[in-house]
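Below is one structure, written out as structure tokens; the observations come after it.
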There are 2 protein chains.
Amino acid sequence: MASPLEKARKNPDSMKAKILTTARNLFGEYGYHGTTTRMIAQKVGIDISTLYYHWGEKKDLYDAVMADLNHELRQKIDEVQNMSIEGESPTNRLELAIDVMSDFLFSQPDSSNLILHGYFSRTRDSGPDDETPEYISHIAYAMGLAMDKSSVSVEAKALVMAVCNSIFTFVSGENFIKPMLEVDAEQYRKVVKDTLKFIIIPAVTRAKIKKEDKN
Amino acid sequence: MASPLEKARKNPDSMKAKILTTARNLFGEYGYHGTTTRMIAQKVGIDISTLYYHWGEKKDLYDAVMADLNHELRQKIDEVQNMSIEGESPTNRLELAIDVMSDFLFSQPDSSNLILHGYFSRTRDSGPDDETPEYISHIAYAMGLAMDKSSVSVEAKALVMAVCNSIFTFVSGENFIKPMLEVDAEQYRKVVKDTLKFIIIPAVTRAKIKKEDKN
DNA sequence: TAATAATTCCATCATATGTTGGAAGCTGGT
DNA sequence: ACCAGCTTCCAACATATGATGGAATTATTA
């Protein structure tokens with residue numbers, strides 16, 4: 001029962017996959033309505049009907065892009081989570097996680113754009129999409145903010161959301177924020193990482209202490 | 001030399017002003033390409049050409065909306081800044097600022113949407129818009145993170161950006177995040193404020209200490 | 001190699017969308 | 001009552017956009 005999406009992921013050279021990648025870039029940059037099927041087809045270098053042949057309606061292609069993105073993010077989060085589990089202090093592990101996650105998102109800013117788009121851009125054809133990813137609880141657990149994944153407190157989830165959103169906005173808003181800070185691209189990435197660490201690490205530490213006080 | 005925008009602000013009952021307000025709501029909800037001039041005209045209850053009579057091209061109307069929003073935000077920030085300047089501890093002042101600013105933005109989520117849209121949504125007709133608001137330095141100064149408004153460190157600006165973006169995403173992403181936290185609207189706003197305070201206040205305190213160490 | 005299936009492109013359609021000209025209505029002053 | 005100017009609407013246009021049928025081409029299999 002391999003979905004068309006899974007098939008496309010398996011062979012990145014396939015036309016289906018090429019279209020998916022290009023569509024992600026453009027949807028990320030211009031949003032759903034800002035991207036036309038012709039733009040996608042042209043960038044791939046194919047006729048527009050070839051695109052329809054592979055993915056059908058525009059909305060279906062968009063949904064596939066979002067599903068693919070969610071899948072990839074989940075994978076990356078798992079990867080980061082399983083990275084150097086033992087032998088490191090919680091602080092070091094958090095710093096590493098921030099570094100890796102930041103590098104990953106900076107390497108493909110369209111992904112962050114898409115996520116933020118999904119937050120609030122209504123699609124006019126369809127209502128709000130409440131396919132809420134569940135990995136927030138996983139992250140909270142990995143940060144040591146909960147005893148088990150199924151019972152994460154509201155406060156812990158909110159803290160994780162704040163962290164994630166900070167990264168997303170810093171990545172998505174690079175072209176906007178960078179000139180405000182008057183730094184170049186390399187410095188920007190460093191400042192972002194440092195700021196995130198500066199904010200998050202002590203906050204997580206205090207949240208853990210708070211949690212333990214309750215027990 | 002009153003610009004058309006200023007004139008429209010003066011009389012909120014004027015057609016120009018009504019169009020501006022409606023346009024802001026729709027641009028905020030659906031984005032630039034997701035909003036059609038007909039949608040705006042219909043919601044105002046006028047013919048589409050009346051809209052063009054008052055504001056001209058769609059892009060001009062959008063620019064007016066953004067300029068209006070920036071103006072309003074600047075005003076609000078000044079207001080919060082001048083609120084209870086003396087007699088309160090820095091912590092209390094920050095808490096108050098967060099409460100007031102959050103309430104304000106939650107009362108009109110479209111504003112936060114528009115700002116985030118401006119971060120990354122390319123308009124396809126025009127390149128990135130680098131009209132970077134300058135009030136970040138003001139906020140940093142008000143928080144006590146700089147000696148004067150003209151020489152705010154990169155770190156301080158980045159910290160302020162992180163704070164602002166957190167608020168924006170929490171407000172814009174309410175419909176997305178709220179179900180994840182499994183809370184109702186009232187609780188959501190409280191959790192957001194508490195999370196922001198939890199993160200920001202200690203961070204600002206530490207940033208100030210760091211700044212003073214350098215001197 | 002012949003037959004079948006999968007893929008790609010050309011031409012086209014219906015609708016959506018930005019935009020405008022001009023007629024009609026309204027308002028205030030004379 | 002008349003006029004001038006401002007405002008609003010109706011009708012229309014050109015282009016953009018999502019979508020499709022069918023021919024042509026390429027790959028697959030027997």
Side-chain angles (χ1 to χ4, degrees), chain A residues 2-8 10-27 29-66 117 121-126, chain B residues 2-8 10-27 29-66 117 121-126:
Chain A
S3 72
L5 193 56
E6 288 168 50
K7 265 193 250 172
K10 269 186 196 163
N11 182 4
D13 288 332
S14 72
M15 185 53 72
K16 253 181 124 75
K18 270 197 276 190
I19 295 172
L20 197 69
T21 307
T22 306
R24 188 202 278 201
N25 292 337
L26 289 173
F27 280 134
E29 190 163 4
Y30 298 102
Y32 180 75
H33 291 290
T35 306
T36 69
T37 52
R38 279 174 175 81
M39 283 165 69
I40 301 170
Q42 191 180 14
K43 196 166 177 188
V44 179
I46 55 171
D47 187 88
I48 184 180
S49 39
T50 304
L51 186 149
Y52 278 87
Y53 170 77
H54 284 287
W55 287 108
E57 289 190 5
K58 181 185 183 185
K59 186 73 200 321
D60 290 339
L61 173 56
Y62 183 76
D63 288 344
V65 165
M66 292 308 282
H117 267 298
S121 275
R122 301 285 149 262
T123 325
R124 181 160 108 213
D125 321 302
S126 64
Chain B
S3 73
L5 192 56
E6 288 167 49
K7 265 194 252 174
K10 270 187 196 162
N11 182 4
D13 288 332
S14 72
M15 184 53 72
K16 253 180 124 75
K18 268 197 277 189
I19 295 172
L20 196 69
T21 307
T22 307
R24 187 202 280 202
N25 292 338
L26 289 173
F27 280 133
E29 190 163 4
Y30 297 102
Y32 180 76
H33 289 290
T35 306
T36 70
T37 51
R38 280 174 175 81
M39 282 166 69
I40 301 170
Q42 191 181 12
K43 196 166 177 189
V44 179
I46 56 171
D47 186 87
I48 185 180
S49 38
T50 304
L51 186 150
Y52 277 87
Y53 170 76
H54 284 285
W55 286 107
E57 291 191 3
K58 182 185 182 184
K59 185 74 200 321
D60 291 338
L61 174 55
Y62 183 77
D63 288 343
V65 166
M66 293 308 283
H117 267 298
S121 275
R122 302 283 151 265
T123 326
R124 178 161 111 217
D125 320 303
S126 64

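Just so we're on the same page: letters track the sequence lines, and every chain starts at 1.
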Measure from NE2 on A:H54 to P on C:dT7 and round the result to the nearest Å. 6 Å
Testing the basics here: between A:T35 and A:G31, what is the closest heavy-atom pair and its distance to 0.1 Å? OG1-O, 2.8 Å
Polar atom pairs between nucleotides 18-28 of chain D and protein, under 3.5 Å, N or O only, would you list them?
residue : atom : partner : partner atom : Å
D:dG18  : OP1  : A:K58   : NZ           : 2.7
D:dG18  : OP2  : A:T37   : N            : 2.8
D:dG18  : OP2  : A:T37   : OG1          : 3.0
D:dG18  : N7   : A:R38   : NH1          : 2.7
D:dG18  : O6   : A:R38   : NH2          : 3.1
D:dA19  : OP2  : A:Y52   : OH           : 3.3
D:dA19  : OP2  : A:K58   : N            : 3.0
D:dA19  : N6   : A:R38   : NH2          : 3.4

Could you tell me how far apart B:L61 (CG) and C:dT19 (P) are, to the nearest whole angstrom? 10 Å
Could you pull out every donor-acceptor pair under 3.5 Å between side chains of residues 17-27 of chain A and any protein atom, sequence neighbours left out?
residue : atom : partner : partner atom : Å
A:T21   : OG1  : A:A17   : O            : 3.0
A:T22   : OG1  : A:K18   : O            : 2.9
A:R24   : NH1  : A:E72   : OE2          : 3.4
A:R24   : NH1  : A:S111  : OG           : 3.2
A:R24   : NH2  : A:D68   : OD2          : 3.1
A:R24   : NH2  : A:E72   : OE1          : 3.2

For the NZ atom of A:K43 and the CG atom of A:L51, what is their distance to the nearest 0.5 Å? 13.5 Å
From NZ of A:K16 across to P of C:dA6 the rounded distance in Å is 13 Å
Do B:Y32 and B:K58 have side chains that get closer than 4.5 Å, going by heavy atoms? yes
The helix from C:dT1-D:dA30 to C:dT30-D:dA1: angle between its terminal axes, five pairs each, to 10°? 10°
Can you tell me the distance, in whole Å, between the CD1 atom of B:I19 and the C1' atom of D:dT8? 11 Å
CA sep, side-chain torsions, deciding dist, call: B:T37, B:L61, side-chain contact (heavy atoms from CB on, under 4.5 Å): CA-CA 10 Å; B:T37 51; B:L61 174 55; over 6 Å; no
Between CD1 of A:I46 and P of C:dT8 the distance, given in whole Å, is 7 Å
For the residue pair A:Y53 and A:M15, establish whether any side-chain heavy-atom pair is separated by less than 4.5 Å. no
A:I48 CD1 to A:Y52 OH distance, which is reported to the nearest 0.5 Å: 5.0 Å
Distance in angstrom units between A:Q42 CD and D:dA16 C1', rounded: 14 Å
Atom CH2 of B:W55 to atom P of C:dT19: distance rounded to whole Å? 15 Å
Any A:V44 side-chain heavy atom under 4.5 Å of A:T50 side chain: no
